[in-house]
Amino acid sequence: MTILKDTAWSLPIASYMVIIMGVQFYEGKDHRYVDYPVMDVLQMMGKACRPLDDQNSRCVLMCQQTRKDFYKKFLSEGLPIESHLPTHMLHDYFLAEIAVKTIENKQDAMVSLKCTYPTFA
Amino acid sequence: MAIHIQSFSVPHFPSLMIAMSKPAYLAIQEHSSTKPVIVFVPSRRQCRLTVDDLLIHCSADDKPDLFLNIELDDLQPHLDHINDKGLAETLRLGVGYYHEALDKQDKRIVQRLFESGAIQVLVASKVENSFL
């Protein structure tokens, strides 16, 4: 069995500067190169933080030409987060919320639905 | 936090990693010539290759132990306890590497040397494949 461990998450060290050399890694399961998950990129950047020693910190991100605009946009604007609550589980979720009295009437149900799915009109 | 994005147009992955080593070395010199730096690379194997590349660039500048901030005599007792012989060699020149396959003691020594500023550059792997 192959397990994946992320050194970025387990590394107990901080630093003044972080260089991220390449944003792709080889996924042996699929036999192809895949991009780092964006959370991992943020985690790596977070390693450049020594609050007591430095006033600021630096990060150098090295990526493919084609990914540059994506990272520029991602780092300056952020990505919209969409709920991953599957709709076929919705009734279970609603029943649970009703049981703990978060939802007591139709209005509550609509508010809860709106907060869960931002694109829900 | 200042973020610099540098793009490359090399499609072949191993060539890309080699192409990135010189800019990485220059970035260290330009932005953080005295402060500690962590370099993240995609795999464990790449750790060692990147360390070698960085050290080659140091040697090319006639400063093979540029990233070492400690006397070799003071460093030697730590190196004696390191099990990974390759790691001991690179630490001697001031660059360490850190990945999941290092044993606990090696990790601790590398961590301590880096935190104390004895070595300035640490190359860490992002993802670790380990077989159970």
Any heavy-atom pair between the side chains of Leu16(B) and Gln64(A) that's under 4.5 Å?
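Yes, close enough: below the 4.5 Å cut-off.
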Between [X] and chain B, which part of the residue has a heavy atom less than 4.5 Å away: side chain, backbone, both or neither?
| X | result |
| --- | --- |
| Ile13(A) | both |
| Arg67(A) | neither |
| Tyr33(A) | side chain |
| Asp54(A) | side chain |

Are there over 12 heavy-atom neighbours, none belonging to Lys22(B), within less than 6.0 Å of that residue's NZ?
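Yes - once you tally the heavy atoms of other residues, nucleotides and ligands closer than 6.0 Å, there are more than 12.
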More than 12 foreign heavy atoms under 6.0 Å from NZ of Lys35(B): is that the case here?
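Yes, NZ of Lys35(B) has more than 12 neighbouring heavy atoms, counting only those of other groups under 6.0 Å.
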Starting from [Y], can I reach [X] by hopping between I/L/V/M/F/W/Y residues whose side chains sit under 4.5 Å apart?
| X | Y | value |
| --- | --- | --- |
| Ile18(B) | Val121(B) | no |
| Ile98(A) | Val111(A) | no |
| Leu66(B) | Leu72(B) | yes |
| Leu49(B) | Val95(B) | no |
| Phe94(A) | Met89(A) | no |

Pick whichever of Ala24(B), Pro11(B), Ser7(B), Ser9(B) has the most heavy-atom pairs under 4.5 Å with chain A.
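Of the options given, most contacts go to Ser7(B).
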Taking all non-hydrogen atoms of both residues into account, name the closest pair between Pro36(B) and Ser15(A) and its distance.
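In this case the closest contact between Pro36(B) and Ser15(A) is O-OG, 2.8 Å.
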Taking all non-hydrogen atoms of both residues, which atom of Met20(B) and which atom of Cys63(A) are closest, and how far apart?
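Taking Met20(B) first and Cys63(A) second, the nearest heavy atoms are CE-N, 4.1 Å.
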At what distance, to the nearest 0.5 angstrom, does [atom1] of [X] lie from [atom2] of [Y]?
| X | Y | atom1 | atom2 | value |
| --- | --- | --- | --- | --- |
| Tyr16(A) | Thr34(B) | OH | OG1 | 8.5 Å |
| Met62(A) | Ile5(B) | CE | CD1 | 12.0 Å |
| Met17(A) | Ser32(B) | CE | OG | 5.0 Å |
| Met21(A) | Leu54(B) | CE | CG | 6.5 Å |
| Ser43(B) | Tyr26(A) | OG | OH | 11.5 Å |
| Cys59(A) | Met1(B) | SG | CE | 4.5 Å |

Report the option among Val23(A), Val60(A), Asp53(A) that has the most heavy-atom pairs separated by less than 4.5 Å from atoms of chain B.
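The candidate making the most pairs under 4.5 Å is Val60(A).
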Need one label for [X]: side chain, backbone, both or neither, based on atoms under 4.5 Å from any heavy atom in chain A.
| X | result |
| --- | --- |
| Ile28(B) | both |
| Tyr98(B) | both |
| Gln111(B) | both |

Ile19(A) and its side chain to side chain contact (heavy atoms under 4.5 Å, CB included) partner, picked from Val39(B), Thr50(B), Val123(B), Ile38(B)
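Single side chain to side chain contact (heavy atoms under 4.5 Å, CB included) partner of Ile19(A) among Val39(B), Thr50(B), Val123(B), Ile38(B): Val39(B).
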